[in-house]
Each structure stands twice: as C-alpha cells, then as structure tokens.
Amino acid sequence: MRTLALIGAGAAAAGLAAVTLVIGPSGAQAPAAVADSLTAPVLAAADTAGLPGPRQPVFFRHDIHAGQFKIPCQYCHYTVAVSSEPGIPSLQTCMGCHTVIAGTDTANRAEIKKVRDAWAQKQPIAWVRVHYLARHAHFPHSRHIKALGPTGCQTCHGDVTRMPQVYKVNNINNMGWCVTCHLQRDVSRDCAVCHY
Amino acid sequence: MAVLAQQPVITQTHADVTRDVAATLGAPSRGYLLMLFGAVGLFLVGLLTFLILVKDGLGHAGYNPPVFWSVYITTFVFWIGIGHAGTLISAILYLFRSPWRTAVYRSTEAMTVFAVMTAGLFPIIHIGRQWVFYWLLPYPNQRYLWPNFKSPLLWDVFAITTYLTVSTTFLVYGLIPDVAAVRDTVAGWRQKIYRLASVGWQGTDNQWRHYSRAYLYLAALATPLVLSVHSVVSWDFASAIVPGWHGTIFAPYFVAGAIYSGIGMVLTLIIPLRRVLKLEHMITDYHFDNLGKLTLLTGSILFYAYGMEYFVAWYSGNTFEQTTFWLRAFGPMWWAGWTMIICNAFVSQLLWFRKIRTSLTAMFVISIFINIGMWFERFVIIVSSLSNDFLPWAWDQMNPTWADWGILAGSFGWFGMWFLLFARTFPIVAIQEIKEMIPMPRKRGGHH
Amino acid sequence: MPALPSFGKRKAAPGVLAAFEHIDAATDAIRALRAKGHRDLTVYSSHPNHELEDALETPMSAVRLFTLIGGLTGCTAGFGMTIWMNLDWPVLVGGKPIAAVPAFVVIGFELTVLLGALSSVAGVAILSILLRKRGAAYHPRFSDDRIGVFVPASGEQARSLEELFRSAGAVEVTHATA
Amino acid sequence: MPHEPKPDAVTRRRFLTVLGASGAGTVALSGCSTDRVEKLVPYLVQSEDQVPGLATWYASTCTECPAGCGLHVRTREGRAVKLEGNPDHPINRGKLCSRGQAALQGLYNPGRVKAPRARNAAGALEEITWEDAIGRLAAKLGGAAGKVAVISGAGRGTLSDLLADWTAALGGRVVRYQALDQEPLRAANQALFGRPEVPAFDFARARFILSFGADFLETWLAPVENQRGFAESHGFNGGATAKHVFFGPRMSLTAMNADEWHPIAPGSEAALALAIAHLLVTEHGRSAAGVADALAAHTPEAAEKESGVPAATIRRIAREVAEARPSLAVAGGVSAQHRGAVELAAAVNLLNYVAGNVGETVLFGADLDGGDGAGALDELGRALDAGQVAVLLVHEANPVYTMPAASGFTGRFRKAGYKVSTSSWLDETAAECDLLLPNHHALERWDDARPRAGVHGLMQPVMQPVFTTMNTGDVLLQVAKKAGGALAKFDAPSYEAHLKSRWQALAGERAAAGGFDDFWRAALARGGLYGERPAAPAVSLALSLPVRASRPALEGDGEFSFVPHATSFLYDGRGTNKPWLLENPDPVTKLTWHHWVEVHPDTARRLDVRNGEVVRLASPHGAIEAPVLVFPGIRRDVVSVPLGFGHTAYGEFTTARGANALDLLPGPAGQPFVPYVAVKVSLEKTGVFRDLATTEGNPRQLGRGIAEAMPLAAAVKGLTVRESYELDGRPPHEVNTERELEAIAGWAEGQHIRTRRGDYARENPQWGMAIDLSRCTGCSACVTACYAENNIATVGEADVLRGREMTWMRLERYWEGGEGAPPLEARFVPMLCQHCGNAPCEPVCPVYAAYHTADGLNGQIYNRCVGTRYCANNCPYKVRYFNWYKYSERSWPEPLQLQLNPDVTVRARGVMEKCTFCIQRIRGAQNQARLEGRPLRDGEFTTACAQACPSDAIVFGDMNDPGSRVNQVKRNHRAYHVLEETNVRPAVTYLAKVVRRGEA
C-alpha cells in the first residue's frame, strides 16, 4: 500500500523551492581521510579540456571522491537503490563536507569555492548530463543495483573511480548492449520489460 | 486488314524490321514531349503531397478509423496487378509458343517493370514513419532484431522485390540482341551508348545457343512467380480475419483480376503507341483479337469470383460476412461496389463479339473501363470491408482527401514518365523475335 | 567495319568472312566446311535459327546447371534464414509456434526464383560473352539480315575457302588479315 | 523522429530542469535522439518526502462539486500527475468521478489567471503585483463599510467561516450561491418535517429505487457516493437485486441504468409520487397518520391523466414498492426543477414517509452542504439596484454565466461599485470584475471542507503553485492587516496558521490523545477527520403545505416543452474548459466538444430534420441555435439541450462551443431557485449543418452478443448467458459448434506447446481482467482515468469527426428495443484491448511492434512501430489507435503538459498505440516486490480504470494465481467473451448484465 506523505509544504519545497536554506549534515558525516590527496593527479580546471567527457561547471573529481577517498557511490547518488532514478546529490550534500574541507591546492580550492559560492547564493549547480537514456526505454536503477550489487554501477558507467571527469564508457542507447548483458545473465529480454 | 488478321506480322524482310523498329527511336514528336511533360508534372504533384505527409503525418489523407487502409493500399494493389500482364504475356505465352505475343511482349514487359516500380513506392508512402521503412528488411543490426516473417507484409517485401528484379532481368535480357541490332544501324555518340548496352553481343552461334536456353529457363521461373506474386498480395487480405477479406478464393481471384487489369492497361498503352510509333503492320488486330480473348477469359473468371464471394457469404451463414457483403452492395458505398461489378464483370462480356475485339476504338474504351473498374475493385474490397467489420460501434465511412488524389495522380505520372522514356530509348518491339517469324530467303526457293 | 566493344585484350585473327543472304546457302557452306574438317567456325545471325544449329550440330548449353544450383541455394537460404532468425530471438505472435514453417514457404519460394533467375543470366554472361571466341571478324549487317560465317585461315587455304563460299552462294566474301 | 515539445515557456523550463534532477524527464516520447545537451539541476536542499523517480502521494479533498470527495494525489518530482479517490473517505471510498479526476486539467489550465490583475484606464485587465492588488482592495474597503457584499460558491469550511466573519466585520453579507443547488428539497423538507435541510439518501440499502427525474448518477448531490450505493443494491450479487424505476421526460444516464424508464410529461412527477403513496396507503396498508385525506384525491387514474403512465403500471409499481423494504424515492435535478419543484420534492418525501423509508434510506441530520439559493441572490440583486453595494467580492462562483440572462443578474452585477473576483480562471464573472485576485487551485493551497456532518476534509499544497496566485484565505488576512479597523481582529499570520487554529478546536472537541501535532499529522495522512454519521433523528410529519400535484404551466406557445439537462462531465459549465471532459464522449449521447439539441426520431421525421442540422429554438425569453441530435431517449413533445456550453469567457477550450441553454429560461422570479423546466420552445430549421462529433458508429448490436444481458430469473438460477437465451426462447448468437470447439482446442494446444521458447518457457503471471456489466453504469470515469494515467492525447473536434479519438478505453452504448414492443433499453460495455491469447494484431506486424509478452499482455512497442496499421485492421475489437498527426505536440498546450505521467512514453506521430493494462503500474509493482524480495500480492496494485470505477465493476489481476480475485470473478456463470467465435482468447471477461423487465 502507498505511504502517504504528510507535509504538503515539504512537497512544495521539493518542487521548486530550491531557496529554503537548511543547514545540512555536519562535516562529521563525511569520511575523514583527507591525508594523502597527492595520490590523485593534481589537475586544474583548465586541464579538463584535454580529458574525455563534457566539461562540467565545477571540475568535480570522481577519481578523488570515489577513488581516492572511497566515498561510496550511494553516499551522493542516494536514491539509486530505491528508485528508478539514481538521484543527483543536492548542493546541501556537497556542503556537508565542504563547509569543512576547503581544498589542498590552488586548483581544487578554486573549484570548491565555486561550490561554496553557489551555496551562498542559493544557486544550484547545473551539471552537464553525461548519460542520456532514450526516453522510450525504462531503466530502473534500483533493480540493477539489487542484481549487480552496490558497485554494479561500473558495469554500465565504467570505472568512475579513475575518471577525473566523467565520460560515457558504453553507449547505453545501444539496445544490443543491454540485450547482451541480459542474455549472459539469463534474464528476460522481453521487449515490454523496458519499452512501454 | 481483316484478311491479314490471322498472321502474326505482315510479311516483310528482316531488313524492314530492323529499319522500322530503329525508326521508332528517332527524334521525339511534339505530342510525345507534351505527354512526357504531363507525366512529369503529375509526378511532381505526387512528390509534393508525399513531402507534406512526411512533414505533418498521415492525417491529411482520408483515413477514418476503422478504415486504416484506403486509397494508398488500393493503388498499390492496382499497380501490382497491372504488372502482371507483362510477365504473363512474355513468359507464359512464350512457354505455350503462342505466336501473337511477339509483337507486343516488349511493351508489356516494360509496362510490368514500371508498374511494379510504381507499386513498390506505396508500402513506403503509406506507413506512419516512412523514414524507418527499412526495418522491414532482415539486415543484421545492433539491436539483434529481425523482422517478423509470419507477417504477410514481409512476404510482400520478398515477393515484390523478387518480382521486380526478375521482370527487370527478363526485360533487359531480351533487349540485348535488339540493342546490338540498333547499335549496328546508328552512328556517333548514340552508337557508343548502344554499344555499351549491347555488352558485346554479336549473335554468334555460341551466344545464341546459351541465350535461347537461358531465356527458356527465365520464362519457366517467371511463370510460377507471376502467379505467386499476386497470390501473396491477396494473402495480405486473405490471411487477415476481416470479414470480406478472409476468403480462400482470394489468390486465384486476385491473380485473374491482376491479369485482367494488366491487359486492360496494355491496351490503353499500345493502342495509341501503335499509332504514334507507326507500328500498324507489326501490331495488327490479330493481336487485339487475342488480347481481347484473354481479357474475356479473365473477366469471366472475375465475374465468377464476384458471384462466388456473395454465395459463400450467404452459404457460410456467418453473420459478419453476410453483413459486410450486404453493405458492399446496398450500404453507403454501393456506388463503388456497382462500379466494380459493371466495369469488370459486365463490360468484359462485350468481348464475346469479334467485331468489338477487332475495333480499336471499342477496345480502347473498354480498356479504360477495365482500369477504372479494377481500381475500384481493390477500393471496395479494402475500404468497404474495413468500414463495417466485427464491432458495430466502431463502424465508420472514409472519405478521400486531396492527399489521396495527389498520391494517386503522382503514381500515374511516375509510371507514365518511365514508360515514355523507355519507348523512345529502346526497341519497343522485339526485333529478333519478329525476324524469327519471318522465313529467311532461300536460293532454292520455297520453305522446308 | 565498326569495332566491337572489347573486353580485355583483343587481336584480330586472319581469316575468311563470308556473308550469306540465303539460309540454305549458308547451311550448305557450313556443312561443306565441317566435311572438310573445319571445326572452329563462327556463324553470325540476327536471330536464333534451327537450320544453322542443325548444320553446326551445336551441343546442349550448360546454362541449366547454373539455374539448378541457383534455385537450390535460394530455397535453402529462404527456409534457413527465416527459421534461424525466428529461433535467434523467439517472439510469440498470435499464439503461433515460434518457427511456423508454413508461413515461411513464401520466402523460400521467392528466393528460389530470384537466385535461380539471376544465376542463369550470370551463366549466360560467363559462357557466351566472357568466354566467347576472340578475334573473329564481324559485320553490322549480321545483326540485320545477313548470315555470316567466319573461318580463321590464311594464304592458300583462305583462297580455297573463298572458292567454297562463292560456290555455296555467298553474297560477299572478305579476307581478314592480322 | 522524437518530438520533444519545445521547452520554450518559462514555467516549462523551470520544471524540466528540476525534472532533470530526477532524470525522469517529463515528456518521454518514443524516439531515440540522445545527442542533446541536457542540464541536470539538483535540488539545493533535498526534501525529505520526495524521491526522484518515485511517486509521492498526498491526501486532499475534491472541490469540483459540493459533494466533497476525498482525494489521493499522485505527485512526481513535485508535479501532481494523477488524482484518485481516498479509500478512507466516507463519501467516495477511494473512487472518483470524471470531473474530480479532471481537476488536474483545471490546475494546469492555460485559461487560468496567472497573476493578480486590475482594470486600467483603458478598461483592460493588466497584471499587477500582489502587494498592489491587496493595497487596492484594502483601500476600497476602507470607504465601503456596510456596503460590502460577497457571493461565494465555496463549500462549507474554514474559509467560508472566515469569509463570513470577515464580511460581517465589514457590515456586509455573504450570499452562498451554488448553481445546481437543492433549494426545492430543502424548502420541501421545511414544509413537511420542519427541517430545512438536505437529508442523506442511502442507495446501498434500498431494495427498490424510484427516481422522479433525479439524475443521481450524474449531478444530483454526491454522484460517486450514489453510484457506489446504487452498484451495491442494483448490481447482481447472486440473490435478488434492487429494482430501479425512473420517471422523467428524458433518458438520462440514471434512466439508462433503470430497469424501467417511463417517459412522462414534464412536471407530472408529483402526481405519480402521490398516486403511489395513495396506493401504498389504500391497498398496501401503510400507516398514513394525517396524510390519508391529503392523498385521497391522488388516484392512479388522476396520475395517468397527468403523466400518461397507465394506472395499471402505477398499481404494479406500487405493489413492487410495497414488497420491497426499505425502498427509496428521490426527486429533483435539473430536468425536474420546474416551478412546482418544491411540491414535487414534498410529494416524493411524503411517499418516502408513507413507504417507511424515512430513517431507513432517507436520513435526516446529515446536514448536507448547500447554498442560500437563488432567492438570496435575488435579494442581493435588489441591494445592487439600490446602489447599496460599493465592493462586491465573488469567490468560487460564476453567477454571470449560471444565472439565466433573463434574470437580469448581469446588469445588476455591473451596478456594484467595485467588483473583485478570486476566480482561478478568467470566467464570465471574473471578466466583469475590476480586480482579479486569483486563488490557488485546491491542490496548491491549505484549506478544508465540511460537506456534511462529521466529515472534515483537508486540503494541502501538494506542489508549488503553477502561477503567481494566492490562497484567498491569505488574501483576506493580508487585506485585514492592511485595512485594519474592523478587520484588525483577523490577525492570524497566515491562513495556514488560521486553519490549524481551527483544527486545534476540533482536536479539543475530540480530546485527541498525543497532542495536536499527532492529531494534525494523522488528519493530513487520512485527508481529514471522518466522524460517524450522526444518528438520524426521528422526524415527524408536520404537513404545512397543501399537497398539490398539478403540472406547472410552461411559458410560451412553442410546440415543444424545453427540458434542459446537466451532463455528468460539464456539471453547471465549470467542466467546459477541460479537454478530457470535452473529448471524453458524453455518457448518454456520445457526443464530444460541442452542444446539441435532442429530438425524438418520430419528431425529427415529422419535421424532416437530420443529425447535425442546426435548428433555432425560441422561447419567450430568448433563442439559441444548436445542431439536432436524433435521440430515441426523449419524449416526442420534448426537446433537451445540455447545460454548460456557450461560454463567452473561461479559456481557449470553451470558445465556440455552442450556445447557453439558460438563454431560453426565465429568472427565479420570486422562487428560491432557477426553474430549469419553465418554457415551451418553437423549433425552426436554419438550413445550416454542423457535423456532430460523435464516437458512435452503429448503436445496434445486430445480434452479435457484445453487451450481453440476462433476466434476473435466469441469473438467480445461475444460468450461463447461452442457457438464458434458450430460456427466453431466443436463439443464441452465432458461436462455434461443439465439434469445432473441440478441434480448435486440440489444435491450439498443439500450437501452444511449440511456443515455449526463450522467455516464454519461464513461469510468468498471466494478466487478466473481468468487467461486471451489472455494476457498470457507463459513467466513463474509467475513460478519464485512462486519459490521465496513460498520457492519451485529446485530438480535438476535427479529428473526432474523422473517428480518430484516442480513447484506449471507450464505453460503447448500444440500444436495445425502442421500436414498439420491447421498450428502449441502453446497454453499456467498456471496450478496451482484450489482450487476446491468439491476438490477430500480432502476427501481421512486420516488425514485432505488436507481440505477446511473456506475462500474457498484448505488447505494443511504440519505438519499434513503423505505422503499417495492419494490426488495427486485423483487430476485431477495434481498440488500436493511430497517431495521425503530431498529437504529442498539440494536445497539451502550456502548461497542460506538466500533468503528463513520466512513467508512460508519449507516443510520437505515425505510431500505433493502445491499452497496455497499465503496464507501467505492473512493472512498478514488480520492481518494488523484487526490491523487497517478495512475490507480487494480488490486489497490491490495479489498473487506472479499475481503480477509478465508482461501481467497482472492473477487477484486474493474475489469472495464473488460483486465489486471485479476477480468477474467482471469471468463474462466474454470467461470464462471457465478446466475439468469442473468433477464437482470439481474450484476457478480458465480461459478466452479463442482469435486467428486470416489466413484472419482477
């Protein structure tokens, strides 16, 4: 049976009120390991041109966050296990750590500053979409995470932990690519599993 | 002429044949050019209509659900039907060694090829997303998807492409020796072209040996093909469950109709052509007499089929069939139903009289009736059956729009354009086969 | 004498080319030549002619083999493709069996005809055009109303052949030289 | 290939970006363009109750009519996308009518007032800021003490109370005006029982239902509640069922669901009611304390003279009423609201009293909501004439449209010094006003409703307002703050706070344990506070009016009595701005998008008018033109026109939609209600034709057994449809012979074995549906639900005329009888994709776009479809619909597209579409079950149509699950398949209707 939400205002906020300011979780929740940030290559925003994948408004380093600091994917992509959508972290989530962490070198300090400014101006960051699944194909992330495990993301998105800037590893719109996987795992390839 | 009417060709020498036929390839007359421009004009109308359909969707055409197929499929079947006379005359009559085919088979074959070419456009025109028509072809793709070979439409795809290829081959193959003959009569750049087209044909004993054999086999293969193609088209309907479509009689019924309509179109074409190209002494009323008989035969088969449809509807006791056929004759579309019966079943019966068969005017008029009647036959079968099928609540009548007429006109333009161009460029009468029928001169005189 | 389109290298062979107006004259000449042991005749005619074939005793064409093989290939391809494609990704439609062979008969038949026809034509192309005798002399009227006979020969032999042709009733005899 | 509606308008873009955050996207078209830069804009702060990609449900209350049904609102990424009934709510119990569901299209309606507006010097309404707007109103009020008036159509609730106090503080008065009010009923009860109230009517308990013109399944009181009850008592459940007899000149939807329809002369209802009461007393020994002599005169013979119903029939009906206890008689509704409406209501309640229904099925003390009636409006009119109104505020009412022009209300309205409207839409009244203060839509605001004693419904904002509107409650408070003075006492910081304070009082009364917060949260979760219906007080008869039964005279010397009717979709005309309600064919006439005038076939023949021929109706008060609909369900001497058309404002969808039937009518003229049946009209041809956009093909079944029915006798015996035919001595319609069936079965089995490959070899559910025609009333709520759930395009009048409507689920209405012997009877059958086991549409598709899924669905893969339309030709049920144009681009003008369901692909031009058994719901439930590692439970989800059906006629489930409800229903003896002889093995089973003709 459906669960009923209580506070209509809440929904309102969810809808468009990207303006209500609430102090997010304290930095304590963030992984503390700030130790050797030298392991990941130091790259300035300017370098991103040379990297594969679209250039993002903020040079967010998956290789540092997910790779070096081993922050689990679901810490930010919080709905991936429960919903068809992975969920893009709210700015609040970023600030959870970055109220405390200001960066270690000029390059990433500059980027983190962008985040803090955005938070100050209550302006969400408009990320450039990397993976765009054609809308006539329905892909419930939750079930795939359930089947492939919490690190199953890599099956489709590639080893993000090594990507300074995320790019498309597989053409997720190649139906054949999906079908191959379904065949290997002997799960249904009925058309109406994805197309409806 | 009546005296000579029993012979295939009026006696003349081989040299005359070459000369006369080559003469048809001379400079075009004004009348010819007018006809050609007319055809191109109509084609452009059709093209424009098609572009509009692609831009906005099929809504412009006169579809009123439950009538999901109407003028386009009608015209498709119409042209496929036209495309049957050619192969019938050139292949089947060849096997029967029927002497009268010789003079006319080249033109009918050409007509076949262009008619099928025209028909081939319609499956693309009529679908909702024309730009993905190729999904009907079994080509390997990244989706691992194949088309559905259980669908009569796939059968169509194969039947029509095969038919188009084979009849084109047949036409071109038959042309080679004649092109060679033309090559040897003309000079300059035209000779260069014909030389290439004649792929080194010399008429040596060895070439003739293989050529004639293969021609026989082609005829043998084309014969079942011509019968199969319209059967397959008829199964588009017969294998559906729509009352008025779902009949075992359909295959023979459609084939007969196809040949009937084909010959109708042959007459419509060669009667003027004969005059324009001055071929009176090769295409004589001996030919028209025989074409007339063939028309009478197929027309009578249709007559029988119409009667049989109604009989079966009544005899089956199937309420759906009965309603459909009752409405076909007395429903909102009675006019179409009766047009088809009069033009096909009744008009064809006039051909019992030799006088009519040998009167060009009469034959021409009748041929026009046949063309109209056969178009309406398909229209009636498709539209009136769909208009009132199983569920009364969903019944509705369709009413055609400019988009329907535009495409119809365009198809005639497209067909005419190709046929006219062909008639000017290639021998419209089979030189070498005519020669075959004229005994060669002998120094000792007499025939052996 | 117009040059014919040449496929590959082509050098004119020396020989005698006779043109006949009368069919019986031509057949007489051919019979006489064959009696004298001439085998590699090239006979031109504007259309196939039984009397010439009789005189030349031409053997049955090998084209039929092409037709047969083409047809069989088409038939197998037709059924093979349809059945395999249906089993490759089974999709249930209308409660029919996945591999519903009766529905595939049409495809099988059409491909039989298609490949059969195409291979026969290919056969003719190979046998009569690509493998044709090279170098025989030709005259445009052969495609019109004359029958031509060409015999490769030279010198004395050529003169005696001319005799033979003239006596048989050739309307014209020419000597082709290399 | 895909047609993304261009994100041009601002609101649209705002939504897209937010949706981007969820990645779900709003409009998912079948297509595969992926090369486009799309932005992902995350939330600044993640809200606690929204999970992108999952629906969030809120409880709320419907405000589309005074019934006050409970709602569950489905929201996705902060947009309301679907309305369903609240199962906890006592009135509608989880069901919802078409009008309620279409409220969404009111919310996203392009015709809404997007911001406050004021009339400028040029006389045009220009947008202003809220601050300015409130300032202006406050200023006006400053000088208008004692000269303020309010017309409010709002149901009772905190707001109406606030409005009353607020106005009182200004020395003004509030007129509570609702168009289709129950004034006559209230007045009659006052006269009969001394209780000026509308009682509750319990259709569920009634064993015999008499309706004297009351369209209780359409607009009368609470249609959804009535329909639930009606299905309970009248739907076949093994034993005896209630019989329903309808008296009225026109066959309304309610009459179509009657076992007997008596086309009586307009106005003669009272005579019949009294005659039956008379017989109950004289022949069936019902006590008649003090009424015997009042009834004495009203013999059946007298009634026959008045109504034309044979006395014998009246006697029979009286006997049947006497045998059935309790019974229920109801009267009223537009088509019976004539000058004698009060007497009629009195007569019928007298009948109820005599039959002993009062306290049984007629329950007083329920205190159903109602307005002050048109009389009060008239009074206000006089004040306006006298120039005693300086500021006139109109709230949730449209009197300029709903009062007959002849009443002269509009003229009086204009006399008000300063006219203010809070309407959310630019309707006729708003267009007359000087200041527009657009209210939030009910789904955007805090509010509550008190439709009847014990029922308190709550409304909460389920999303951000689409436009810059403001809750009228807040407007009142802010104006109070600004104006001060007498209004100073209204000092609540916001209307939300005010509302809470009121509910605190409620909590106090109920001594809610756990404090107010728990009470409040619980109330929000349940959608309100639902107390027990107060025990019906014993009422005693206090006959204070002469029992009259004379037919009221109709003005004018026209040939035809004019009997307008209100349709279940348009109600008083407030539905006319919603494409769903316009394209979803009217349940009775099956017409769409335009109005019509109903003429009996014989009359039409006599006057030589045909369908679509525009005629001119003229009464002493005015004239209108309308196209003729030849309609067998009406008396020969009566013509009928639907209300709700002929708007002069109210948004783009309402323009050019016929004429307003009220233009023919007089004003109340002293009576407390608008007399809808008051004139005779003349009918003359204009020679003009206007095609009727009908969805009806051939309304006769031609013996094809599509909508089957069997007599009660046969049903009680447990006979099958076929046996019942033989019982009737009628031949069964064509079906296969036993041997044929045998052969088919054997062959089919052989085929089936050879289909077990790949996914089809696995264990899968087999989805199926069962529809009980004895419960279906044809109300078409399922159709609207389908439109809402499946993003079905509305194609517009032009394409409906070409038969291109997209109703995945349609209600076919077949006529039975009529000509002579068997009386006219309507049969409804909901027709949707039957998901055949041997589907004819599947094998003909060249690209497998139509195919059979492993779980027994007839799948339609839009993005694979090339549009050959062969499947539609081969579908015997004709339930496949084709996108002839780019409907996806034109049928949701800004901002309607915000309603689209993100779980369902919007179909592109050139593809075929059809019912999918709500596959998105199936997949959703399967995903959830899999995440929770459990099997799917029967009934844990259902299709949109089944969910909406107010009579619970539709059951959906897994046919492979022996315990499933659908399986049980399918085993019913009344079960049959439509077009069974085609052997397509439908997954949809119908249960034959049960009819009670003549004697029962």
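Naming: A, B, ... by sequence-line order, numbering from 1 per chain.
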In this structure, which one of B:F379, B:W245, B:F122 forms a ring-ring contact (aromatic ring centres under 6.0 Å, His included) with B:W69?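 Per the ring-ring contact (aromatic ring centres under 6.0 Å, His included) rule, the option paired with B:W69 is B:W245, out of B:F379, B:W245, B:F122.
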
Tell me whether D:Q834 contacts the main-chain N or O of D:L832 through its side chain, where contact means a donor paired with an acceptor under 3.5 Å.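 A pair under 3.5 Å: yes.
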
Does any N or O in the side chain of D:E842 come within less than 3.5 Å of the main-chain N or O of D:A850, such that one atom is a donor and the other an acceptor?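 No; zero donor-acceptor contacts below 3.5 Å.
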
Side-chain touch [X]/[Y], heavy atoms, less than 4.5 angstrom:
X: D:K914; Y: D:H835; answer: yes
X: D:M256; Y: D:W815; answer: yes
X: D:K878; Y: B:W393; answer: no
X: D:E981; Y: B:F320; answer: yes

Are there residues of residues 327-340 of chain B that reach to under 4.5 Å of chain D by heavy atoms, and which ones?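 Hits under 4.5 Å: none found.
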
Side chain from CB out, backbone as N, CA, C, O: work out which of these in [X] comes under 4.5 Å of a heavy atom of chain B, or both, or neither.
X: D:R810; answer: side chain
X: D:P846; answer: both
X: D:R700; answer: backbone
X: D:E805; answer: neither

Under 4.5 Å heavy-atom distance to chain D, tell me which part of [X] shows up: side chain, backbone, both or neither.
X: B:I382; result: neither
X: B:H246; result: neither
X: B:F133; result: neither
X: B:D396; result: side chain
X: B:N399; result: both
X: B:S387; result: neither
X: B:D236; result: both
X: B:Y72; result: neither

Sort out for me which of B:F68, B:W395, B:F390 touches chain D most, counting heavy-atom pairs under 4.5 Å.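 Heavy-atom pairs under 4.5 Å are most numerous for B:F68.
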
Output the option from B:A394, B:S239, B:P152, B:P392 having the highest count of non-hydrogen pairs under 4.5 Å with chain D.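 Of the candidates given, the most pairs with chain D belong to B:P392.
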
So how far is it from B:F325 CZ to B:S384 OG, rounded to the nearest 0.5 Å?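 Answer rounded to 0.5 Å: 8.0 Å.
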
Measure from NZ or CZ of D:R907 to the centre of the six-membered ring of D:Y862, then state whether that distance is under 6.0 Å and the direction lies within 45° of the axis.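 Relative to the ring axis of D:Y862, which defines the angle, D:R907 lies inside both limits.
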
Any side-chain donor paired with an acceptor under 3.5 Å for D:D586 and D:T589?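 Judged by distance alone, the side chains do pair up.
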
D:E583 side chain to D:W593 side chain, donor-acceptor N/O pair below 3.5 angstrom: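 Short answer, yes.
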
Best-contacting candidate, [options], against chain B by heavy atom pairs under 4.5 angstrom:
options: D:D799, D:N873, D:N874; value: D:N873
options: D:C865, D:P699, D:P840; value: D:C865
options: D:T695, D:V978, D:N883; value: D:T695
options: D:K590, D:M912, D:R813, D:M831; value: D:R813
options: D:F882, D:Y877, D:Y870; value: D:Y870

Centroid separation D:H752 to D:Y760 less than 6.0 Å: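 No; D:Y760 has its ring centre 6.0 Å or more from that of D:H752.
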
Could you go through the side chain to side chain donor-acceptor pair (under 3.5 Å) check for D:E816 and D:Q701 one step at a time? CA-CA 8 Å; D:E816 292 285 315; D:Q701 296 195 54; 3.0 Å; yes

